[in-house]
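Owing to the predicted nature of the structure, the values given are computational and were not obtained by experimental measurement. We name chains A, B, ... by the order of the sequence lines, and we start the count at 1 in each one. Values below: every heavy atom of this structure, side chains too, minus hydrogens, waters and symmetry copies.
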Amino acid sequence: MEPAEVEFLAEKELVTIVPNFSLDRIHLIGGDLGPFNPGLPVEVPVWLAINLKQRQKCRLIPPEWMDVGKLEEIRDQERKEDTFTPMPSPYYMELTKLLLNYASDNIPRADEIRTLVKDTWDTRMAKLRLSADSFVQQQEIHAKLDNLTLMEINTTGTFLTQALDHMYKLRTNLQPGESSHSQDF
Amino acid sequence: MAEAYFPVGPGLGTEENFLSLDDILMSQEKLPGRAESALPRLAVLLGQGAGSGESVPEGSKLEIPLWLAKGLHDSKRRIISVELPKIYKEAWRTVFSADANVVDLHKMGPYYYGFGSQLLNFEHPENPEIAQTILQATVSDRVCSLQTFVARFRRIMDSSQNAYNEDTSALVARLDQLERALFQVGQKGLNDFQSWEKGQASQITASSLVQNYGKRKLTEVDG
């Protein structure tokens, strides 16, 4: 899976906007949205929010976890624990990138938020690599990791599964199989 | 998912995959061996003589590619006998168990893991007095390959995930083919993520194939 595909899945998440136009309820295949009234907050999927923002038809309200204090807490907890902390949103990386790229004027202290999320991401990736390494060194059969997001899995997934494939191939050599006799002639 | 076709990977264990390019290249690697019986008129093919009618005398030492050795290896008609190349022998095995990260696996035959797996095909039944030792050796060969891989895994993972936009030729020079493939996969994951983060993933760029069309038309008009 490519990062762009993971971002596509992330765009289904709901976010609050304040529109400056009015529109009745719209009926889409995925569900109903609206009604939109100027000045009244409404919840829409991220893909619509970004589109409206680019056309300057709304103002984005950052999700309640996208706040410097909260993110600092999460980052510190991530550094303390050996296991993965549950993240406030399963798509925190993608939402951060999208909202900070398109709506940084609506988000207070955007640069600090970007740095904090990046720090948390780096810590989590380092933990993931560490656990992959100990998994391989001890040649365990299966492992379980909680609270990983799709983006993290996607970035390291292909490498890990291929390495484990090779290990499996080398390990089948350890079983002395029946020798295949070529045809006698 | 985005590929138009999937290349066939190398084979499992002691079996090769017939259609795998990696396996074909790997089976070209040479083994030291001895001719057990005289091979008439084959001296030129095996690099032993100059005339086209010379035969290889019995007992002479040969360097045979793996595919030839596998085909000619037969316990009843003693044509060829093979021995393990020196990097799979006892001396090198102790080097690997000491520290596997130091060894330049690319120099030791660029297909260390695949070739080692194939060598386990040769059970050497025609030498009963050393069969026991060989069996012992082959068992520890298998363990050694796995341990080497496991020991080097950390280095490959760290270097492939952290070297973004740098010259990686120094890192890759000491890896054999299997490890290089792994390294490239790791790099690709990293590069994809970084380019997505920079926003390049949603930019439409002209395909490299199409960029040459304009240039080609000019030369056709001139020529």
Side-chain angles (χ1 to χ4, degrees), chain A residues 1-8 10 93-94 96-98 100-102 114 117-118 121-122 125-126 128-130 132-139 151-185, chain B residues 1-2 9-15 70-77 113-114 116-117 120-123 125 135 138-139 141-151 153-154 156-158 160-162 178-179 181-190 192-199 201-202:
Chain A
M1 213 186 237
E2 304 189 357
E5 291 169 29
V6 180
E7 184 187 60
F8 181 74
M93 199 62 196
E94 299 84 315
T96 314
K97 178 209 167 205
L98 283 170
L100 289 178
N101 276 350
Y102 293 108
R114 205 189 289 261
V117 171
K118 185 98 182 40
W121 166 268
D122 286 338
M125 290 300 280
L128 186 57
R129 263 177 252 142
L130 196 61
D133 182 48
S134 73
F135 180 44
V136 167
Q137 296 287 349
Q138 289 159 22
Q139 297 176 38
M151 197 63 179
E152 291 150 1
I153 300 172
N154 183 50
T155 311
T156 52
T158 326
F159 177 81
L160 189 61
T161 46
Q162 277 212 8
L164 292 174
D165 274 346
H166 288 309
M167 263 181 57
Y168 169 66
K169 284 180 193 164
L170 289 175
R171 210 197 316 240
T172 52
N173 289 346
L174 287 177
Q175 272 91 39
E178 27 336 312
S179 53
S180 55
H181 298 286
S182 53
Q183 286 179 341
D184 293 335
F185 57 95
Chain B
M1 238 202 295
L12 186 72
T14 49
E15 296 304 316
K70 271 176 89 168
L72 292 177
H73 178 76
D74 188 1
S75 49
K76 297 198 193 72
R77 291 177 57 176
Y113 296 105
S117 308
L120 302 173
N121 267 325
F122 298 108
E123 297 290 353
L135 183 61
T138 47
V139 165
D141 275 344
R142 294 161 176 172
V143 174
C144 182
S145 285
L146 184 57
Q147 281 170 350
T148 317
F149 181 77
V150 162
F153 171 76
R154 179 71 199 259
I156 303 171
M157 176 167 71
D158 285 342
S160 76
Q161 295 274 315
N162 286 322
L178 184 140
E179 293 170 340
L182 263 186
F183 185 85
Q184 271 163 11
V185 168
Q187 278 264 285
K188 181 170 185 300
L190 179 69
D192 279 350
F193 176 72
Q194 294 289 1
S195 78
W196 168 78
E197 217 181 348
K198 285 196 286 197
S202 47

K.L.:
Checking side-chain contact (heavy atoms from CB on, under 4.5 Å) for the pair B:Phe153/A:Leu164: CA distance, chi angles, key distance, verdict?
P.N.:
CA-CA 10 Å; B:Phe153 171 76; A:Leu164 292 174; over 6 Å; no
K.L.:
Can you sort out the partners of A:Phe8 under side chain to side chain contact (heavy atoms under 4.5 Å, CB included), two or more places apart, ordered by chain and number?
P.N.:
A:Glu11
K.L.:
At a heavy-atom separation under 4.5 Å, does A:Met93 approach chain B through its side chain, its backbone, both, or neither?
P.N.:
both
K.L.:
Tell me, please, which residues at least two apart from B:Asp192 pass side chain to side chain donor-acceptor pair (under 3.5 Å).
P.N.:
B:Lys188
K.L.:
Roughly how far apart are A:Gln137 CD and B:Arg154 CZ, rounded to 0.5 Å?
P.N.:
8.0 Å
K.L.:
Measure across B:Gly199 and A:Lys97 and return the closest heavy-atom pair with its distance rounded to 0.1 Å.
P.N.:
CA-NZ, 4.4 Å
K.L.:
Measure distances from B:Glu197 to the heavy atoms of chain A and classify the residue's part below 4.5 Å as side chain, backbone, both or neither.
P.N.:
both
K.L.:
Are B:Trp196 and A:Glu94 side-chain neighbours, meaning at least one heavy-atom pair lies under 4.5 Å?
P.N.:
yes
K.L.:
Can you measure from CD1 (B:Ile156) to CG (A:Asp133) and round to the nearest 0.5 angstrom?
P.N.:
11.0 Å
K.L.:
Which one wins on heavy-atom pair count under 4.5 Å against chain B: A:Thr156, A:Val136, A:Thr155?
P.N.:
A:Val136
K.L.:
Would one find more than 12 heavy atoms of other residues, nucleotides or ligands at under 6.0 Å from atom CZ of A:Phe135?
P.N.:
yes
